[in-house]
Participant: 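There's a structure below that I have some questions on.
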Amino acid sequence: MNRLLVRILLVMTTLALTAPFADAQPAGTNYDESKVGSYTLPDPLKTGNGKAIKSGRRWNRKGRPAVLALFAEHVYGRMPGKPKDLHFKVVSEDANALGGKAIRRQITVFFARGDSAPGMDILLYLPKGAAGPVPVFTGLNYCGNHCVSSDPGITLSTRWMRNSADYQTANNQASEASRGTHTRRWPVEELVARGYGLATAYYGDLEPDHEEGWKTGIRTSLQAELNTRPQEWSAIGAWAWGLSRLMDYLETDPAVDARRVVITGHSRLGKAALWAAANDTRFAVVVSNDSGEGGTSLARRNYGETVKVLNTSFPHWFGPRYKEYNDKVDQLPVDQHMLLALMAPRPLYVASAEGDQWADPKGEFLAARHAEPVYALFGKKGLGTDQMPPVNQPVGDTIGYHIRTGKHDITVYDWEQYLAFADRHFGYPAKGTAAQPK
Ligand code: GCU
């Protein structure tokens, strides 16, 4: 075979391996870096009256609230507060879960008065024998708490589920066969062995993920409690709000160190995790996994998914005004680097995948990069490079980043980086505690 042919075949194979899901790509999707277009990013340090913000204190007092308000108004919709009658019920406890290595608690959070109020079920695993309160990873799941582990003690969700062979769901319901169908995305054993807890809840407890989902989700059922009309916020808003209610519970659990909670999320739930952490500074470390457009990647870059495609495919995800920018993203008063700036000075980790070009890995890297000036106000170092690192070579200090090989997913490799990042920032595990690294 001549060398040219070999090269063509190689390029074709690489494209086939790295292309995002074909059905997600409308015709005209740009994957050519030379066609991204030029753009000017709004300066987070000049939000408000245009006067440059020069200190962390001023950022917290002026810049941060102004940027947050812009995201609520133009992107995600309103974020309601904590309902006054919020209460919790521990519904089950197993001191010998996961072969005796963990404690499992299941908790229902009721968002209003009474035991039949709308609510959300939390699944919490804690390492057994910890010397004191432990740090916890938290994030919503796609398929019900029962899909996170094969632990038979987990309550099977009866909520609406997307029909999927992956989750073993049919007629929009889970069944016994659905248990443990997503364990590969949730390394529970590894987390507890490393001294971390895990707290998760099903995102469908807050709002079913379809266009009509708001009618049966909290945006409708909690209208009176939250004094908010469903159209004023969004599905991502509802999921993010739920993460803050999960945090409300964690603050009450003496086995949890609520000052060391890492919020994580993959893809659309990465978008939700970012919006939650932007609003709620109780989350100490923020991790975005392949969150893409409307998450970590820059809206102004025309590469992979665009704001218009996102709003067309998922009209329920964002707030009412985001669609106004479908054909004029350059007029958005914010871009996603400013969402990342709202995490400052907290440690933030952004992860991309080489095979997830739909999410625009370079746009994700650049958003992290352009959040750095806000981190610098607090004396915090960011990525330490202005060049995208090679695959599987994490970079960064207070802002971490990697692009791994493989497709749109959350993998063991991703979790390993998040654990190392959390260990580093928490100085964990401390010497002499029961939980020691392996
Ligand atoms: C679609 C969508 C993305 C989203 C992803 C996911 O691909 O276009 O914006 O992140 O779904 O949530 O898996």
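Whatever order the structure lists ligands and atoms in, that order sets their numbers, starting from 1. Note: hydrogens, waters and symmetry copies are ignored here, and every other heavy atom, side chains too, is used. Residues: numbered from 1 along the sequence shown.
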Participant: Using the test ring pair (Phe, Tyr, Trp, His ring centres under 6.0 Å), find all partners of Tyr413 that sit at least two apart in sequence or belong to another chain.
Facilitator: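 Tyr413 satisfies ring pair (Phe, Tyr, Trp, His ring centres under 6.0 Å) with His402 only.
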
Participant: Backbone N or O of Phe421 within a donor-acceptor pair of the Arg424 side chain at under 3.5 Å?
Facilitator: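 Between the backbone of Phe421 and the side chain of Arg424 there is no qualifying donor-acceptor contact (under 3.5 Å).
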
Participant: Taking only heavy atoms of Leu310, which atoms of ligand 1 are found under 4.0 Å from at least one of them?
Facilitator: 9 (O)

Participant: Answer with yes or no after comparing the ring centroid distance for Tyr303 and Tyr31 against a 6.0 Å cut-off, counting only values under it.
Facilitator: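 Yes, the ring centres sit under 6.0 Å apart.
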
Participant: Only heavy atoms of Phe314, strictly under 4.0 Å: list the atoms of ligand 1 that pass.
Facilitator: 1 (C), 2 (C), 8 (O)

Participant: Got a sec, which residues hit side chain to side chain contact (heavy atoms under 4.5 Å, CB included) with Pro80, two or more places apart in sequence or on another chain?
Facilitator: Leu226, Thr228, Trp233, Trp241

Participant: Check this for me, if you would: do Asp414 and Arg404 make a salt bridge, where the nitrogen-to-carboxylate-oxygen distance has to be below 4.0 angstrom?
Facilitator: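 Salt bridge present between Asp414 and Arg404.
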
Participant: Any nitrogen or oxygen of Glu305, main chain or side chain, under 3.5 Å from a nitrogen or oxygen of ligand 1?
Facilitator: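 Yes - when backbone and side-chain N and O of Glu305 are compared with those of ligand 1, one distance drops under 3.5 Å.
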
Participant: Pull out every atom of ligand 1 sitting under 4.0 Å from any heavy atom of Lys271, numbered as shown with elements.
Facilitator: 3 (C), 4 (C), 9 (O), 10 (O)

Participant: Does the separation of the ring centres of Trp317 and Tyr322 fall below 6.0 angstrom?
Facilitator: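 No.
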
Participant: With a cut-off of 4.0 Å, which atoms of ligand 1 are near a heavy atom of Tyr142?
Facilitator: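 In order of number, 12 (O).
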
Participant: Using a strict 4.0 Å cut-off to heavy atoms of Ser267, name the atoms of ligand 1 that fall inside it.
Facilitator: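 That gives atoms 4 (C), 5 (C), 6 (C), 10 (O), 12 (O), 13 (O) of ligand 1.
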
Participant: Out of curiosity, is His266 lining ligand 1, as in a heavy atom under 4.0 Å away?
Facilitator: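 His266: no contact with ligand 1 (<4.0 Å).
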
